[in-house]
Q: 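Can you read through this structure? Questions will come right after.
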Amino acid sequence: MNESVTDLNMESDIDIDKARADTPTCRNLVHFNNAGSSLMPTPVFDSVIRHLQLEQEVGGYEAHAQVMEDIDAFYKEFGSLLNASADEIAFIENATRAWDMAFYSLPLQPGDRILTHESEYVSNYLALLQQAERRKLRIDLVPSDEHGQIDLVELQNRITDRTRVIALTHIPTQGGLVNPVEAVGEIAKREGLIYLLDACQSAGQIQLDVKKIQCDLLSGTGRKFLRGPRGTGFLYVRKQFLEQLDPPFVDLHSATWTHDDGFEFQPNATRFENWESFYAGRIGLMQAVRYANQLGLASIEKRVCALGSQLRSTLDSINGVSTLDQGERRCGIVTFNKAGVSVADMKEKLSQHNMNVSVSSFNSARLDFARRNLTDITRASVHYFNSLDEINRFAERVDEI
Ligand SMILES: *Cc1c(COP(=O)(O)O)cnc(C)c1O
């Protein structure tokens, strides 16, 4: 189906036929779970398999030695993706550990205060709770504005002389809103606060520029909108900020044993990595970022957001269905419920028709859901390789269920 004929907003710089050809399973699967785990493009998948084969043929260390160029490219491709430099990037096995490595490194004293928003990712919030108790820190929750985003006025109001950190999630996992991260960066800069951004749902979906956002630390995962393999993630650490951090773990890769009673950390963000890691995955993630960079994040963002808003309005026109996304600015994550149908049933019935969605449940978003009187929601998340035809077929099914 030629989409540009159907809807002018759907015109894209991306060659959609090629993108779909590189994603073979989308011929018989409507994959609207890109916020959970997207589909690897063929070049990404092939690079992972190729490296595993090489390891089997020549040995793991020997395979590693043969792909040093790809390992270097990992840092460069992430540098381009984020407008950072290569030495500000670390490979970490997932976004949670990346965020943890950053958070547990922060120079905080008892009585210090951390500002966060009620849409903060569940695992981050658990770490905040754990550290607040252990280290006598205080969490100050910034409420949402009328759009459901972090309220910038309330954020400013809550800053005290003990406030040290703003920890924010760019795009919450449980909804389509995009938090105003650049405006938050302005405040963090002006007030001299550490700015830790969870970009797990934004990396690979929308444009990310750490210079514009002015964050000190940014974490993300490989398998979601970046379309990399599972078990991969990354951390960005602003160069000038590196020396203020004290990594919670150290090993022979992140540091050098320079004298009998001392060591030195790597002079770059690899001080947050560890020695043993999933090399095939790292190469796959490099290829995934290269693939995204080649398509261009501006083009990806435009297409994903257009499909997201199309899906939202199509679902909203169905009897009994309400979409639940907040935010002045929205993305490719679409959340909805249907009256009289449980989210478990919705997911199961869609799956019987080869349509993938996921569910966000209360315990993954307690503060956000309690305020909005929600218990759980169905999440359909689109990527650029999805199509209008898929949206229409999906909506027909939701209507029938
Ligand atoms: C998925 C997600 C995470 C966790 O990512 P992992 O790679 O599973 O650790 C963190 N933050 C947000 C906003 C997420 O959606």
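Just so it is clear, the structure is predicted and the values come from calculations on it, not from any experiment. One-based numbering, in listed order, for ligands and for the atoms of each. For reference, positions follow the sequence shown, starting with 1. Keep in mind that the numbers below use all heavy atoms, side chains included, and drop hydrogens, waters and symmetry copies.
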Q: Among all protein non-hydrogen atoms, which one is nearest to atom 9 (O) of ligand 1, and what is the separation to 0.1 Å?
A: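 Result for atom 9 (O) of ligand 1: Thr96 OG1, 2.5 Å.
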Q: Do the charged groups of Arg158 and Asp140 touch, with an N to O distance under 4.0 Å?
A: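 Looking at Arg158 and Asp140, the cut-off is not met.
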Q: Is the backbone N or O of Lys76 less than 3.5 Å from a side-chain atom of Ser80, with the two atoms forming a donor-acceptor pair by type?
A: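 Yes; judged by distance alone, with no hydrogens or angles, the pair exists.
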Q: Between Glu11 and Arg303, does any side-chain N to carboxylate O distance fall below 4.0 Å?
A: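 Looking at Glu11 and Arg303, the cut-off is not met.
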Q: Does ligand 1 come near enough to Tyr121 that some N or O of the ligand is less than 3.5 Å from an N or O of the residue?
A: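 No.
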Q: Between Thr232, Thr173, Asp100, Ile333, flag the one that comes closest to atom 15 (O) of ligand 1 by a heavy atom.
A: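 The residue whose heavy atom sits nearest atom 15 (O) of ligand 1 is Thr173.
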Q: Are Arg20 and Glu390 close enough for a salt bridge, meaning some N to O gap below 4.0 Å?
A: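 Between Glu390 and Arg20 there is a salt bridge, with a charged N closer than 4.0 Å to a carboxylate O.
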Q: Would you call Asp345-Lys347 a salt bridge at under 4.0 Å N-O?
A: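 Between Lys347 and Asp345 there is no salt bridge, as every charged N stays at least 4.0 Å from the carboxylate O atoms.
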Q: Looking at ligand 1, is there an atom of it that comes within less than 4.0 Å of some heavy atom belonging to Arg97?
A: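 No, that is not the case, since the closest heavy atom of the residue is not under 4.0 Å from the ligand.
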Q: Would you kindly specify which portion of His170 sits under 4.0 Å from ligand 1, judged on non-hydrogen atoms: side chain, backbone, both or neither?
A: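 Neither part.
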Q: So, regarding Cys200 and ligand 1 (criterion: nitrogen or oxygen to nitrogen or oxygen, under 3.5 Å), is there a contact or not?
A: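 Checking ligand 1 against Cys200, no N or O pair falls under 3.5 Å apart.
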Q: Could you list the atoms of ligand 1 found under 4.0 angstrom from a heavy atom of Ile171?
A: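 What qualifies from ligand 1 is 13 (C).
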Q: Is the shortest side-chain N to carboxylate O distance from Arg312 to Asp325 below 4.0 Å?
A: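 So Arg312 pairs with Asp325 through a salt bridge.
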Q: Look only at interatomic distance and state if Asn124 has a nitrogen or oxygen under 3.5 Å from any nitrogen or oxygen of ligand 1.
A: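 Checking ligand 1 against Asn124, no N or O pair falls under 3.5 Å apart.
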Q: Measure the distance from atom 11 (N) of ligand 1 to every protein heavy atom, then report the residue, atom name and distance (to 0.1 Å) of the closest one.
A: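 Protein heavy atom with the smallest distance to atom 11 (N) of ligand 1: Asp198 OD2, 2.6 Å.
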Q: Give a yes or no on whether a salt bridge exists between Arg371 and Glu118, defined as a side-chain N under 4.0 angstrom from a carboxylate O.
A: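 Result for this pair is yes, salt bridge flagged.
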Q: Do Glu182 and Arg329 sit within salt-bridge range, that is, some charged N less than 4.0 Å from a carboxylate O?
A: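 Judged by the 4.0 Å cut-off on N to carboxylate O distance, Glu182 and Arg329 do not form a salt bridge.
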Q: Any idea which protein heavy atom is nearest atom 1 (C) of ligand 1, and the distance to it?
A: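 Here the closest protein heavy atom is Lys224 NZ, 1.3 Å.
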Q: How far is atom 7 (O) of ligand 1 from its nearest protein heavy atom, and which residue and atom is that?
A: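 That would be Thr221 OG1, 2.6 Å.
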Q: Quick test of your reading of the model: are Asp100 and Arg97 salt-bridged, counting only N-O distances below 4.0 Å?
A: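 Yes, this pair counts.
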Q: For atom 8 (O) of ligand 1, what is the nearest protein heavy atom, given as residue, atom name and distance?
A: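 The answer is Arg223 NH2, 2.9 Å.
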Q: As an exercise, identify every atom of ligand 1 less than 4.0 angstrom from a heavy atom of Thr169.
A: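 Near Thr169, the atoms of ligand 1 are 13 (C).
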